[in-house]
There are 2 protein chains.
Amino acid sequence: MLDEEEITYFISLLKQEDVPKKGFVLREGHLCKNISYINSGLLRAYAPDKEGREATIMFAVADWWITDMFCFINQQPAMLFIEAVENSSVFHLQKNDLDKLYSKVPKFEKFFRIIMQNAYIREQLRGMQNLSLSAEERYNNFVIKYPQIVKQVTQKKIASYLGITPEFLSAIRKNKTK
Amino acid sequence: MLDEEEITYFISLLKQEDVPKKGFVLREGHLCKNISYINSGLLRAYAPDKEGREATIMFAVADWWITDMFCFINQQPAMLFIEAVENSSVFHLQKNDLDKLYSKVPKFEKFFRIIMQNAYIREQLRGMQNLSLSAEERYNNFVIKYPQIVKQVTQKKIASYLGITPEFLSAIRKNKTK
DNA sequence: ATAATTTCTTAAGCTACCTTAATTTTTTAT
DNA sequence: ATAAAAAATTAAGGTAGCTTAAGAAATTAT
């Protein structure tokens, strides 16, 4: 579908970075320059609220793309932090390079159309669950959907993804083992 | 950007439908055949939960596209109802016609890439707000962001979009006018 | 116009989830 | 290994938002 030359060109635009655990790929207030492909490891995007607490927007594992999409597309200061939960290897793609890619190799429009579509579907499904399920049901679904992430991140971070406190997640888990 | 022939072809794939107020464009359990462009009017997508209550997933006004994206892409029975809140005029595009469109006029990949991207951004922002704001703050933001929708839909539906009961929304509004 | 239906409001009691704080356990750094 | 820091647990008290129910207001249907 993509020939060798196209792939080579694509790869030439990517900038590899090793991000150590607790390192940041993006900080709130900094210009969101990149969309980042995760080669290995695990990243987390979160927004700090006014009390300084973190709302986890997404986790991203190998083969996922992550960015603060609004700020990336509009080349604005980020609302989100993106940090490595584990040592990770990522490939960054800058906005202007992505735009060049689209114009030189229009096939990448399809490539990213599908990425955007999947991201939208994920968020639409998450939104549905957040509106209609209890915290316990959301946690159970999370464990089923992302068993690997459950093993790799702290409960505190999972709680902040589910929209509950770590104390309450602890209570939910206690209930289950009974 | 798109020439006349391409636009004509695109339009030839669209099927116009007048949907009366309270009419359905999609029903839960029915195959989700279409993605629908709203020419005029106002539609609402919602998921019924197990107690039969409705979680409003999105409102869509003129110039927006709406579907149960997961079920449309995978051509599965819908999880959502999509109903007209006002008399509406919509243009439907079937999955196989969209696929044809992509292969005959690849420029439409970009067209829908941007639609998917905007939809993702919307959901990512909404997710952030749901995690970090109180019901009152979410309502205030909704009124600022969608003043027109506030005028056109019942509070019951807005409440179900915000993830609260109509009674509690009523209480929030009462507080504000004091 | 009138009746029927739906929406909105109000209020009282309730519960899912939060807060605070202290203790234990696990992880990280030296 | 040891100390320090972070995460997880537990428990008691608190609150945002829910439930139920009944009446008022608005909308829809006849």
Side-chain angles (χ1 to χ4, degrees), chain A residues 19-24 42 44 46 48-56 59 81 83-88 129-143 149-178, chain B residues 19-23 42 44 46 48-56 59 81 83-87 129-143 149-178:
Chain A
V19 188
K21 186 167 179 170
K22 297 192 180 172
F24 286 92
L42 174 54
R44 176 177 78 108
Y46 65 90
D49 70 12
K50 40 198 177 323
E51 282 99 33
R53 269 168 299 200
E54 302 172 356
T56 295
F59 294 105
F81 289 90
E83 64 156 20
V85 175
E86 301 286 357
N87 293 331
S88 301
Q129 298 210 352
N130 285 339
L131 287 177
S132 56
L133 302 182
S134 68
E136 179 165 8
E137 290 169 319
R138 281 178 273 141
Y139 174 66
N140 293 339
N141 287 352
F142 186 85
V143 172
I149 294 177
V150 174
K151 288 177 196 147
Q152 292 180 16
V153 311
T154 59
Q155 284 175 216
K156 191 181 173 182
K157 291 181 172 85
I158 293 173
S160 89
Y161 180 90
L162 297 174
I164 58 177
T165 57
E167 292 84 356
F168 191 56
L169 178 53
S170 182
I172 289 170
R173 284 164 51 87
K174 188 183 177 188
N175 257 309
K176 287 194 64 177
T177 53
K178 271 199 303 210
Chain B
V19 188
K21 187 169 178 168
K22 295 191 181 175
L42 174 55
R44 177 177 77 110
Y46 65 89
D49 70 12
K50 40 199 177 329
E51 282 99 33
R53 270 169 297 199
E54 302 173 355
T56 295
F59 294 106
F81 290 91
E83 64 156 20
V85 175
E86 302 286 355
N87 293 331
Q129 299 208 353
N130 285 165
L131 287 177
S132 55
L133 302 182
S134 68
E136 179 165 8
E137 291 169 319
R138 280 179 273 142
Y139 174 67
N140 293 340
N141 288 353
F142 185 85
V143 172
I149 294 177
V150 173
K151 288 176 195 148
Q152 294 181 346
V153 311
T154 60
Q155 285 176 216
K156 190 180 173 182
K157 290 181 172 85
I158 293 173
S160 90
Y161 179 89
L162 297 174
I164 59 177
T165 58
E167 292 84 355
F168 190 58
L169 178 53
S170 182
I172 287 170
R173 285 163 52 84
K174 189 184 176 190
N175 258 308
K176 286 194 63 174
T177 54
K178 271 200 299 209

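Computed from heavy atoms alone, side chains included, the values below leave out hydrogens, waters and symmetry copies. Every chain is numbered from 1 and lettered A, B, ... according to where its sequence line falls, protein lines coming before strand lines. No experiment lies behind these values; they were computed from the predicted model shown.
When distances run from any side-chain atom of A:E167 to the nucleotides C:dC17, C:dA11, C:dT19, the shortest one goes to C:dT19. Proximity note for A:T154 (side chain, C-beta onward) versus D:dC18, D:dA8, C:dC18: the nearest is D:dA8. Checking C:dC17, C:dT9, D:dC18 against the side-chain heavy atoms of A:S134 singles out C:dC17 as nearest. Taking the side chain of A:K156 as heavy atoms from C-beta on, and the options D:dA7, D:dG17, D:dT9, the nearest nucleotide is D:dA7.
The phosphate of C:dC17 (OP1 or OP2) has no side-chain N or O of A:T165 nearer than 4.0 angstrom. When the side-chain nitrogen and oxygen atoms of B:K21 are compared with OP1 and OP2 of D:dT28, one or more of them lie within a distance under 4.0 Å. OP1 and OP2 of D:dA8 both lie 4.0 Å or more from every side-chain N or O belonging to A:S170. Between A:R173 and D:dA7 there is no side-chain N or O to OP1 or OP2 distance below 4.0 Å. The side chain of A:R138 places no N or O atom within less than 4.0 Å of a non-bridging phosphate oxygen (OP1 or OP2) of C:dA16. Distances shown here put every side-chain N or O of B:K174 at or beyond 4.0 Å from the OP1 or OP2 atom of C:dC8.
Between A:Y46 and A:E83 the shortest side-chain heavy-atom distance falls below 4.5 Å. Side-chain contact check for B:L162 versus B:Q129: every heavy-atom pair is 4.5 Å or farther apart.
The CG atom of A:L169 sits 11.0 Å away from atom CZ of A:R138, with the distance rounded to the nearest 0.5 Å.
The nearest pair of heavy atoms linking A:S88 to A:L42 is OG-N, 3.1 Å. The two residues B:I164 and B:I172 make their nearest non-hydrogen contact at CD1-CD1, 3.9 Å. The heavy-atom pair separating B:A55 from A:L131 by the smallest distance is CB-CB, 3.7 Å.
The CG-C1' distance, from B:L133 to D:dA16, rounds to 14 Å in whole Å. Separating the CZ atom of A:R53 from the C1' atom of C:dC17 is a distance of 13 Å, rounded to the nearest angstrom. Between the C1' atom of C:dG13 and the CZ atom of B:F168 lies a distance of 16 Å, rounded to the nearest Å. In this structure, B:I172 places its CD1 atom 15 Å from C1' of C:dT10, rounding to the nearest Å. Put simply, NZ on A:K151 is 16 Å from P on C:dT27, counting in whole angstrom units. Taking atom CD1 of residue B:I164 and atom C1' of nucleotide C:dC17, one finds them 17 Å apart after rounding to whole Å. One interatomic measurement links the two molecules: CG of B:N130 to P of D:dG17, which rounds to 12 Å at whole-angstrom precision. When rounded to the nearest whole Å, the span between CD of A:Q152 and C1' of D:dA7 equals 17 Å.
At a cut-off of 3.5 Å, with distance as the only test, no side-chain donor of A:E136 or A:N175 sits close to an acceptor on the other residue.
Remark: B:E54 pairs with B:R44 by the salt bridge (Lys or Arg N to Asp or Glu O under 4.0 Å) rule, at least two apart or across chains.
One end of the helix from C:dA1-D:dT30 to C:dT30-D:dA1 points its axis 70° away from the other end's axis, with each axis taken from 5 pairs and the angle rounded to 10°.
Comparing B:K22 and B:L169 along DNA chain C, the residue whose closest nucleotide (by nearest heavy atom) sits nearer the 5' end is B:K22.
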